[in-house]
Amino acid sequence: MAHEILTVAQMYSVDRAAMQAGIPGSLLMERAGMAVAREAIILCGGRPRPVVILCGPGNNGGDGFVAARHLSAAGWRVRVGLLGDRVALRGDAAWAAECWTGCVDVASPDLLSGAGLVIDAMFGAGLNRPLEGQALALVQAMAQPGLPVLAVDVPSGIHGDNGVVLGAAPVADVTVSFFRPKPAHYLYPARGHVGRLVIADIGIPDTVLASIGPTIQTNDPTLWRAQFPRPAVTGHKYQRGHALILGGTVMTGAARLSARAALRLGAGLVTLACEPAAQLVYSLSMPSLIVQPITDAGGFSELLADPRRNAVLLGPGAGTGALLREAVLASLRAGKAGVLDADFFSSFAGALSTLRQAGLNDRWVLTPHEGEFARLFGPLTGSRLDRARHAAAESGAVVLLKGPDTVIAHPDGRVRVNHNAPPDLAIAGSGDVLSGLILALLAQGMDPFDAASTGAWLHGAAGQYCGRGLIAEDLPEAVPAVLKQNNL
Ligand SMILES: NC(=O)C1=CN([C@@H]2O[C@H](COP(=O)(O)OP(=O)(O)OC[C@H]3O[C@@H](n4cnc5c(N)ncnc54)[C@H](O)[C@@H]3O)[C@@H](O)[C@H]2O)[C@@H](O)CC1
Ligand SMILES: [K+]
């Protein structure tokens with residue numbers, strides 16, 4: 001299964017490469033339009049409906065003309081509405097329009113009355129400004145209750161790269177795109193407009209990707225399954241890593257959730273260091289947890305001195321005092337791997353250079369949500385993808401920017417977009433579980449980029465497994481079932 005996501009510019013390069021390889025653009029358009037017609041038939045359960053196809057002035061419109069021809073040939077009643085002048089059509093779109101022998105009306109909202117399906121072929125990759133005028137009115141008219149919408153490439157008004165809605169965009173039931181998805185198919189708010197995504201094969205050979213060098217992927221177990229840690233038959237707990245967590249004194253729930261997740265995902269040992277006042281809370285919470293009282297950062301450094309303690313989690317519920325700050329710097333200097341989360345971001349607001357000097361590198365995973373991200377990295381612009389990538393390059397660490405479309409970026413420019421998280425995961429303590437999962441994988445020696453990807457995916461899968469009504473405590477308990485379900 002392919003996991004590459006291509007930017008709009010990369011998709012145009014693919015198009016050119018395919019043509020250089022001898023595949024004419026008109027053939028790509030023919031296959032694209034056929035795929036659209038096929039999906040329209042599937043969407044309507046094989047029963048013809050009056051369909052209105054709204055065609056724009058570029059090749060997205062060309063795909064619409066091809067679909068019109070195929071649906072008409074299949075016995076469907078087709079009305080085509082064109083946005084713009086027919087004589088202004090160029091290249092393959094002009095060819096596709098010539099091949100359509102039916103009527104072409106001026107695209108207007110009136111055309112939609114009586115329609116059982118609308119195919120949105122107004123704008124795709126070439127959208128370069130917000131919708132206005134007639135295009136905007138058409139998008140608004142598509143929002144009729146009960147009128148299914150099938151979008152070609154992207155719902156018109158969606159920017160293919162950043163997932164931003166430019167002016168307005170229909171909420172499609174199905175979006176049919178070609179060869180590989182674009183970032184907007186996975187990034188919100190666009191993803192909320194895409195509906196079911198179909199990526200159609202239009203005969204472009206995978207070999208064209210060699211010259212493109214895609215760096216964005218959808219997150220999926222096939223990317224990291226081979227690296228997923230499995231206990232050896234003859235192994236013992238010390239070969240499964242020793243995770244170290246700094247627990248807070250007041251918000252003790254956060255570190256307990258992280259510890260529980262780390263234990264469930266197979267860390268050999270988990271030590272939780274805390275001030276003596278909180279020792280009992282942690283000790284009584286989980287018999288398998290080792291609790292070590294410390295009175296200051298010196299005590300934490302002593303724990304770090306044992307090389308078997310190979311992965312550290314700092315931040316969940318840890319407070320913003322000197323202990324967390326010093327524990328972070330000591331862990332970075334000690335050359336450990338680890339996860340920096342939650343209160344870490346407030347403690348080091350705007351202090352990226354201090355972290356880098358202390359040794360922040362790609363053995364570390366930073367797991368901010370949007371607010372925490374801005375605290376450390378400032379108000380960066382661009383899509384979540386761009387910002388995560390920029391932050392990873394700037395920090396030298398793996399950055400996992402949390403959200404419904406969690407993005408995981410490596411400082412070398414690789415990015416993965418996670419897409420299995422249900423909205424039920426937006427609850428208190430959910431992030432603490434995620435950082436505990438990643439911690440367990442780091443302790444077991446997994447590469448940090450893969451550990452972050454795996455953690456995000458397992459977190460989403462656990463959320464799906466628990467379903468509605470889940471609380472954060474349920475997530476670690478779902479780990480064994482999710483591992484079994486997915487043969488991990
Ligand atoms: N491999 C590929 O890349 C393939 C692409 N195909 C289709 O080609 C499309 C891209 O075609 P184009 O590059 O011609 O781009 P589009 O057809 O998406 O749009 C370009 C046209 O729309 C105008 N336009 C852009 N934004 C506008 C706005 N807000 N209001 C009014 N007019 C606006 C532009 O001036 C230009 O005339 C894809 O989305 C896809 O549907 C397919 O034909 C098959 C192969
Ligand atoms: K479209």
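All residue numbers in this chain count up from 1 along the given sequence. Counting starts at 1 for both ligands and their atoms, following the listed order. What you see is a predicted model; the values in this text were computed from it and never measured.
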O (F123) - the K ion (ligand 2) - O (D120) angle, nearest 10°: 150°
field: Least distance between heavy atoms, L314 atom then F344 atom
entry: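 Between these two residues, the closest heavy atoms are O-CB, 3.9 Å.
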For [X], the ligand 1 atoms whose distance to one of its heavy atoms is below 4.0 Å:
X: M29; answer: 43 (O)
X: P130; answer: 29 (N)
X: G58; answer: 14 (O), 17 (O)
X: L131; answer: 29 (N)
X: I202; answer: 44 (C), 45 (C)
X: Y12; answer: 10 (C), 12 (P), 13 (O), 15 (O)
X: G124; answer: 16 (P), 18 (O), 39 (O)

- request: Measure from atom 11 (O) of ligand 1 to every heavy atom in N59, V36, I23, V208 and give the option owning the shortest one.
  value: N59
- prompt: Any idea which of A32, A93, A18 brings a heavy atom closest to atom 44 (C) of ligand 1?
  reply: A32
- request: Return yes when at least one N/O/S atom of V152 is nearer than 3.4 Å to the K ion (ligand 2), and no when none is.
  value: yes
query: Under 3.4 Å from the K ion (ligand 2), is there an N/O/S atom belonging to M122?
result: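 Not a single backbone or side-chain N, O or S atom of M122 is under 3.4 Å from the K ion (ligand 2).
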- prompt: Does any N or O in the side chain of N60 come within less than 3.5 Å of the main-chain N or O of M122, such that one atom is a donor and the other an acceptor?
  reply: yes
message: Under the side chain to side chain contact (heavy atoms under 4.5 Å, CB included) test against V398, which residue among V339, L366, I408, N361 passes?
response: I408
query: Out of V407, I5, I158, V194, which residue meets the side chain to side chain contact (heavy atoms under 4.5 Å, CB included) rule with L187?
result: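 Among the candidates, only V407 passes.
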Part of A135 within contact of ligand 1 (heavy atoms, under 4.0 Å): neither
field: ligand 1 versus N128: contacting region, heavy-atom distance under 4.0 Å
entry: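 Contact part for N128 vs ligand 1: both backbone and side chain.
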query: Does A125, backbone or side chain, put an N or O under 3.5 Å from an N or O of ligand 1?
result: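 Yes: some nitrogen or oxygen of A125 is under 3.5 Å from one in ligand 1.
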field: Nearest protein heavy atom with distance in Å, relative to atom 7 (C) of ligand 1
entry: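 Looking only at protein heavy atoms, the one closest to atom 7 (C) of ligand 1 is D63 OD2, 3.2 Å.
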query: With respect to T215, which candidate in R389, R414, H410 satisfies the side chain to side chain donor-acceptor pair (under 3.5 Å) definition?
result: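 Per the side chain to side chain donor-acceptor pair (under 3.5 Å) rule, the option paired with T215 is R389, out of R389, R414, H410.
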